[in-house]
J.: 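The structure that follows is given in the form of structure tokens.
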Number of protein chains: 2
Amino acid sequence: MRADARKNYDHLLAVAQKVLQEQGADVSMRDIARQADVGVGTLYRHFPTREALLETLLRSSFDDLAAKAAALENDAAADEALVAWLADIIGFTHEHRGILAPMMSAIEDPDSALHDACVRLKAAGASLLRRAQSAGLARADLDGAELFDLIAALAWLREQPAHAARSERLFSIVRDTILRVDR
Amino acid sequence: MRADARKNYDHLLAVAQKVLQEQGADVSMRDIARQADVGVGTLYRHFPTREALLETLLRSSFDDLAAKAAALENDAAADEALVAWLADIIGFTHEHRGILAPMMSAIEDPDSALHDACVRLKAAGASLLRRAQSAGLARADLDGAELFDLIAALAWLREQPAHAARSERLFSIVRDTILRVDR
DNA sequence: TTGATATCCGGAACGGCGTTCCGTATATTT
DNA sequence: AAATATACGGAACGCCGTTCCGGATATCAA
């Protein structure tokens, strides 16, 4: 990569990080380019799709979430481990406003730059769920896909201004539902 | 209203109904005008916002939902009544793809043409919930706002292609959560 | 140092969007 | 038939995502 290209690439990443954080993941590509004092062509050359940009920006966060999940696999309390990770991932989507929509399309599109990250998250959740189920700490009639749906739904709710106040409340309701073991 | 205006109004409504059903509630206003062989100005004159158009189109559906709720108030089984109505409203949002987003903003915006309809739905759900709670058939630690959130989340999930297959499954999970009475 | 060349940049261009506005046409009333 | 009120169409404005290419710039070879 040519030196000027590298510089632009790094600069774009830095600016995009700030702008995304301020405006949400659905800012216009033009805005990002403008804020970086760069032509829109330059932005698209380095990141051919919005998802490619998001993937690059969030890779470390995704890695963190995966690492956290792996660490929690060894946590003594399988139920608390699962719940803690759920809270993490919902916090993540909330922290990165607007990321949910691209993730939901990415999970269905193997060509999306975000596809792998989503699949990894889903698998990590499924694994934590299975462990909790094996320990008899989570309801048995739930699979990874369903868990992912529940997480996504909670994350979506959290993006709705009208719902903000009830965020923790609904999380705890869903938590109880997941952990409830019929006895 | 002038005769030609009335004609256009009716025609627009008919065309919009068809187009919305085919393309979802987020079709471009231009498309609607085009399909109706009408200038875009004419569409906007009759329906100054997309929400105004949606409200007019769906008014009868909203009324039906309200009437259904009222009828269910007299149903012997308060729990089944609540669940039946939940299924109805989720079916409604699914039938009218794309209606959820405008509804979620409308509920926070008293000036939206959809605001009243949303408030009525929320109130109807809350009422059915209270009745089930009084009968000891629904968990007591849930209020109307939270119920509305749960419905919205399920409706949102149902709009996600990736989730389609698990639609009924998750509905029944949430149903159990709502109806579960700690004993 | 000086070409030559590969690479990269900026921004115009295309088609689409929501929305506003107004000159023109049509219906209604006098 | 003339006057008036009303409604119509679509151009215009400023946004958007995305593509494309002429010109600028960095790198490399001589």
Side-chain angles (χ1 to χ4, degrees), chain A residues 1-16 19-20 22-57 97-106 109 111-115, chain B residues 1-16 19-20 22-57 97-106 109 111-115:
Chain A
M1 185 147 79
R2 237 166 67 171
D4 53 347
R6 157 110 274 145
K7 202 172 117 191
N8 269 329
Y9 180 90
D10 294 339
H11 183 225
L12 272 171
L13 269 187
V15 170
V19 174
L20 281 249
E22 286 167 358
Q23 320 247 137
D26 49 357
V27 228
S28 79
M29 296 294 263
R30 260 189 180 78
D31 264 0
I32 300 176
R34 264 193 293 258
Q35 299 271 342
D37 276 308
V38 141
V40 66
T42 301
L43 174 56
Y44 273 96
R45 190 162 342 94
H46 287 305
F47 306 100
T49 66
R50 177 190 302 278
E51 276 142 30
L53 173 59
L54 291 176
E55 199 277 332
T56 304
L57 273 177
R97 192 160 35 104
I99 194 64
L100 187 63
M103 283 179 68
M104 287 304 282
S105 11
D109 173 14
D111 295 334
S112 164
L114 288 172
H115 182 75
Chain B
M1 185 147 82
R2 237 168 68 172
D4 53 348
R6 157 112 272 143
K7 201 172 116 191
N8 269 329
Y9 181 89
D10 294 340
H11 182 224
L12 272 172
L13 270 188
V15 170
V19 174
L20 280 250
E22 286 166 0
Q23 318 247 136
D26 49 357
V27 226
S28 81
M29 295 295 262
R30 260 189 181 78
D31 264 0
I32 300 175
R34 264 193 292 258
Q35 299 271 344
D37 275 307
V38 140
V40 67
T42 300
L43 174 55
Y44 273 96
R45 192 165 335 98
H46 288 306
F47 306 100
T49 66
R50 177 190 302 278
E51 276 142 30
L53 173 58
L54 291 176
E55 200 276 333
T56 304
L57 274 177
R97 192 159 35 106
I99 194 63
L100 187 63
M103 282 179 68
M104 287 305 281
S105 13
D109 173 15
D111 296 335
S112 164
L114 289 171
H115 182 74

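Just so it is clear, the model here is predicted, and its values are computed rather than measured. Protein chains get the first letters and strands the later ones, always in sequence-line order, with residue 1 at the start of each.
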J.: Assign each of A:D31 and A:R45 to its nearest nucleotide of DNA chain D by heavy atoms, then name whichever residue's nucleotide is nearer the 5' end.
T.: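 Of the two residues, A:D31 wins.
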J.: Determine whether A:I32 and A:L53 make a side-chain contact, defined as any pair of heavy atoms from C-beta on separated by less than 4.5 Å.
T.: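 Of all side-chain heavy-atom pairs linking A:L53 with A:I32, at least one is under 4.5 Å.
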J.: Does a side-chain N or O of B:R34 approach OP1 or OP2 of C:dC17 to a distance below 4.0 Å, or not?
T.: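 For C:dC17, OP1 or OP2 has a side-chain N or O of B:R34 closer than 4.0 Å.
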J.: Looking for any heavy atom pair under 4.0 Å, which part of the strands does B:R50 touch: base, sugar-phosphate only, or nothing?
T.: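 The residue B:R50 makes sugar-phosphate contact but no base contact.
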J.: Assuming nearest nucleotide by heavy-atom distance, tell me which of A:G41 and B:M29 is located more 5' along DNA chain C.
T.: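 Residue closer to the 5' terminus by nearest nucleotide: A:G41.
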J.: Which of the following nucleotides, C:dT26, D:dA11, C:dG18, is nearest to the side chain of B:V40?
T.: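 Closest of the options to the side chain of B:V40: D:dA11.
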J.: Check the distance between C:dA6's C1' and A:D4's CG and give it to me in whole angstrom.
T.: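 Roughly 12 Å, once rounded to whole Å.
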J.: What's the NZ-P distance between A:K7 and D:dT27, to the nearest Å?
T.: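 For the pair A:K7 NZ and D:dT27 P, the rounded distance is 11 Å.
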J.: Hey, is A:D31 close enough to A:R34 for a salt bridge, meaning N to O under 4.0 Å?
T.: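 Counted as a salt bridge, because a side-chain N and a carboxylate O are separated by less than 4.0 Å.
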J.: Write down the distance between NE2 (A:H46) and P (C:dT7), rounded to a whole number of angstrom.
T.: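 For the pair A:H46 NE2 and C:dT7 P, the rounded distance is 14 Å.
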J.: Please check the phosphate of D:dC8 (OP1 and OP2 only) for any side-chain N or O of B:N8 closer than 4.0 Å.
T.: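 The answer is yes; a side-chain N or O of B:N8 sits under 4.0 Å from OP1 or OP2.
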J.: Can you measure A:D26 atom CG to D:dC15 atom P for me and round it to whole angstrom units?
T.: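 From A:D26 CG to D:dC15 P: 17 Å.
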J.: Any side-chain N or O of B:S28 under 4.0 Å from OP1/OP2 of C:dG16?
T.: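 Answer no for this pair, as no side-chain N or O of B:S28 is under 4.0 Å from OP1 or OP2.
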J.: Can you name the nearest heavy-atom pair linking A:L20 to A:A25, along with the distance?
T.: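 The pair with the smallest heavy-atom distance is CD1-CA, 3.5 Å.
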J.: In this structure, how many angstroms lie between the P atom of C:dC17 and the CD1 atom of B:I32, rounded?
T.: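 After rounding, the reported distance stands at 11 Å.
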J.: In this structure, how many angstroms lie between the C1' atom of C:dA27 and the OH atom of B:Y9, rounded?
T.: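 Going from B:Y9 (OH) to C:dA27 (C1'), I get 20 Å.
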J.: Heavy atoms from C-beta onward define the side chain here; which of D:dT6, D:dG17, D:dA26 lies closest to that of A:A3?
T.: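 Given the options D:dT6, D:dG17, D:dA26, the side chain of A:A3 is closest to D:dA26.
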J.: Once you apply a heavy-atom cut-off of 4.0 Å, does A:R6 come out as touching a base, just sugar-phosphate, or nothing?
T.: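 No contact at all - A:R6 keeps every heavy atom at 4.0 Å or more from the nucleic acid.
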J.: Given side chains that start at C-beta, do those of B:R6 and B:D10 come closer than 4.5 Å, heavy atoms only?
T.: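 Side-chain contact under 4.5 Å: yes.
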J.: I want to confirm an ordering. Mapping B:Y44 and A:R30 to their closest nucleotides on DNA chain C, which one lands closer to the 5' end?
T.: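 It is A:R30, whose closest nucleotide lies nearer the 5' terminus.
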J.: Answer yes or no: is there a side-chain heavy-atom contact under 4.5 Å between A:L57 and A:F47?
T.: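 No, every pair of side-chain atoms sits at 4.5 Å or beyond.
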J.: What is the separation between atom CG on B:L54 and atom P on C:dG18, rounded to the nearest whole Å?
T.: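 To the nearest whole Å, that distance equals 12 Å.
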J.: When the distance from CG of A:L43 to P of D:dT18 is rounded to whole Å, what number comes out?
T.: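 Nearest whole value for this atom pair: 10 Å.
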J.: From the list C:dG10, D:dG9, D:dC8, which nucleotide is the closest neighbour of the side chain of A:T42?
T.: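 Looking only at side-chain atoms, A:T42 lies closest to C:dG10.
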